[in-house]
Amino acid sequence: MSRSLKAEMEMRGREDIEMGRDITPPIPPLSYSLHDSFLLSHCSACFSPLPLRPTFPHIPLPLPHLLSYCSPRCSTSDSPLHFSSAEFHLLRSYPSSFGESSDLRAALRFLYSLPASSGSVPNGRLAGLLTNRDKLLARTGYDEELVERIRDGARIMAAARKMREGHVAPEQNDFVLEEAALCLVLTNAVEVQDDSGRTLGIAVYGPSFSWINHSCSPNACYRFFLSSPPPCCSQARLRIVPGARHGLETQKESGVCSISEFSYGEMSENNGPKVVVRSIKRIKKGEEVTVAYTDLLHPKEMRQSELWSKYRFICSCRRCSSSHLTYVDHILQEVSPASRQSSSLLSGQDIYIDGAIESLTDHINDAITEYLESGESESCCKKLEDMLTQGLLYEQLGGREEKSQPVFKLHPLHYLSLNAYTTLVSAYKVRASDLLTLYSGTEEHHLEALDLSRISAAYSLLLAGATHHLFQSEPSLIASVANFWMGAGESLLTLASSSVWSIIVKRGLPATNLSYTLSKYICSKCSLMQKFRAILHHGEAQSTDLENISSEFLDCVTNITQKVWGFLIHGSQYLRVVKDPIEFSWLGTSKDSSTRDIQPHLRSSAVVSYHGDEGSFSVCEAHKCIFQVGVHCLLYGGYLACICYGRHSYLITHIQNILDPEECLINRFHETDEL
Ligand SMILES: [Zn+2]
Ligand SMILES: [Zn+2]
Ligand SMILES: [Zn+2]
């Protein structure tokens, strides 16, 4: 749909495809490399973490930067390529000033696997993949840093290849092939993540994956398998076919070779992380299949500039090309000046809007970066909450000091607010656990830690609710929403299982009353548990099911949350402003009303103070609600994750472990028996 420069090729549905189906078999990479920082902790052939010992260095010399392998099998299959591609020579002589080397190494491995005849670069393609070299090195949109990196990188690659040949070749003046391979890696490589979401390295896949274009409202997503995929995934067929964009060129004319013409060189099918593409919407026969190359929760301008700087194309997808901003994109970037006193929107301050956005962005990003670098959780919480609650004053942006100061605030669903929530979830959690480790013992500290955990859980619920609100207008956000609901569920269930509750209810209630059996829990109002178990069993969702389940879930969870929200947010400056973390009609949907309504509103009637005399009943009630909301979030997030990642995903295993730990253990024993 949109990688206009990656150009003229696209993939289409070969048949009608339901949502939540694998549409490719596991595709092995053409080339792959770990990031430098994982070279000594992960296997360079399969990307899995190394066993503590033994490791299998491919040569017995204790040189720095050596690759490591998890097993003799991985070492045998990958180390020949490591040497023949000149990756070894590159690492040995690599100038540390050049930074990350994984793109260069992947390019070397790619070059080595090319058929010997591919000395020229026909129509800007290698092995069917667009190199994008002309665009990346072009004068228009000239990016000095990038051009320099490509030119120098190609020179370093060529030097390594020469070293491999073992003789001093005459000075080479052009590095077209190396440049093309490096540009191809920059354009086509995808980041490979492990189960915890860490980016381990990069991989380049053949046309069946790389010809899939980008859209900001895609209908497919992809996932990686570091170890061998379960049999059901391996049997999946390729359900997409290539098509030429303009219907004029045939594949041969466009310089595209078929997948089978490509030599895999010494790379065996067992090496490198495999990728599987999966539908997240219904796809009609002949419809273009698209995935996201960028974060879909970023606002339009940001996505456009990310896509331009990385791939040199201007996205023209439905979300980007509509004449008015879509609702989701409008919400993600909304910043309006409001009067501090009267809360009415002001006009005439538009000239300060750009400055306000820039300044708000800096403040939020600085607080987040500082937290990530220094771990200073308390000051980060304060800075972020101040900024979210108070916004920026007109005079801070260079306006005249006036009696009724206009104030610039972030919308609660602004992408910066969402980033802030993510950080606050973590920062409050860290504060709670620090408190318990530093001052174990006193009841006061335990209660304070519980306060902080409550706020952390409340932010995770708000994050899930906010993205869910956007998901209702933009179904391609399903993967993010799945993760946020699962996160909220886990956070709430951890909170519910905290031992501190027993301190609060020691006025007569034994702690055992507070433990619930997750696997036996059935909600009388919805069928979420049954639906979740059903999708685990059959593995296949239907779009109509999703609609029903979503509305059942929302009814239930909105209802229970209303009872307990006031309790969860007690003590947080910003969360008091949020009337409801799931149902956002209180914000209004029209442009003018969206900021006006963001005024502090404390639902004091709902606040249960366990320090007061309200008795143990309300605390118990609150605790029960937290548990119930937690289970609902976990199951719904799990249901969505099944659609995006399949039922064999580690995420689903993780949920099953929380739901029925014993049963999971038994199942695992059975699986071992069968082997
Ligand atoms: Zn391995
Ligand atoms: Zn777009
Ligand atoms: Zn329910």
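Counting starts at 1 for both ligands and their atoms, in listed order.
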Can you check whether F47 and H42 have ring centres sitting under 6.0 Å from each other?
no

Can you tell if the side chain of W308 reaches within under 4.5 Å of the side chain of I314, non-hydrogen atoms only?
yes

Please report the number of protein N, O or S atoms that lie less than 2.8 Å from the Zn ion (ligand 3).
4

Below 2.8 Å, any N, O or S contact between H214 and the Zn ion (ligand 2)?
no

Side chains of I582 and H469: closer than 4.5 Å at any heavy-atom pair?
no

For residues T290 and N213, is any side-chain donor paired with an opposing acceptor at under 3.5 Å?
no

What about Y639 and W485, are their ring centers closer than 6.0 Å?
no

I'd like to verify the contacts: list protein N, O or S atoms under a distance of 2.8 Å from the Zn ion (ligand 1).
C43 SG, C46 SG, C70 SG, C74 SG

How wide is the angle at the Zn ion (ligand 2) between SG in C216 and SG in C315, to the nearest 10°?
110°

Only one of V481, L462, L413 clears side-chain contact (heavy atoms from CB on, under 4.5 Å) with T467; which?
V481

Looking only at side chains, do E583 and T558 share a donor and an acceptor under 3.5 Å apart?
no

Any side-chain donor paired with an acceptor under 3.5 Å for Y636 and S550?
yes

So, Y222 side chain and V276 main chain: donor-acceptor pair closer than 3.5 Å or not?
no

Evaluate H35 against F38 for ring-ring contact (aromatic ring centres under 6.0 Å, His included), listing each step before the verdict.
CA-CA 6 Å; H35 283 325; F38 292 103; 7.2 Å; no

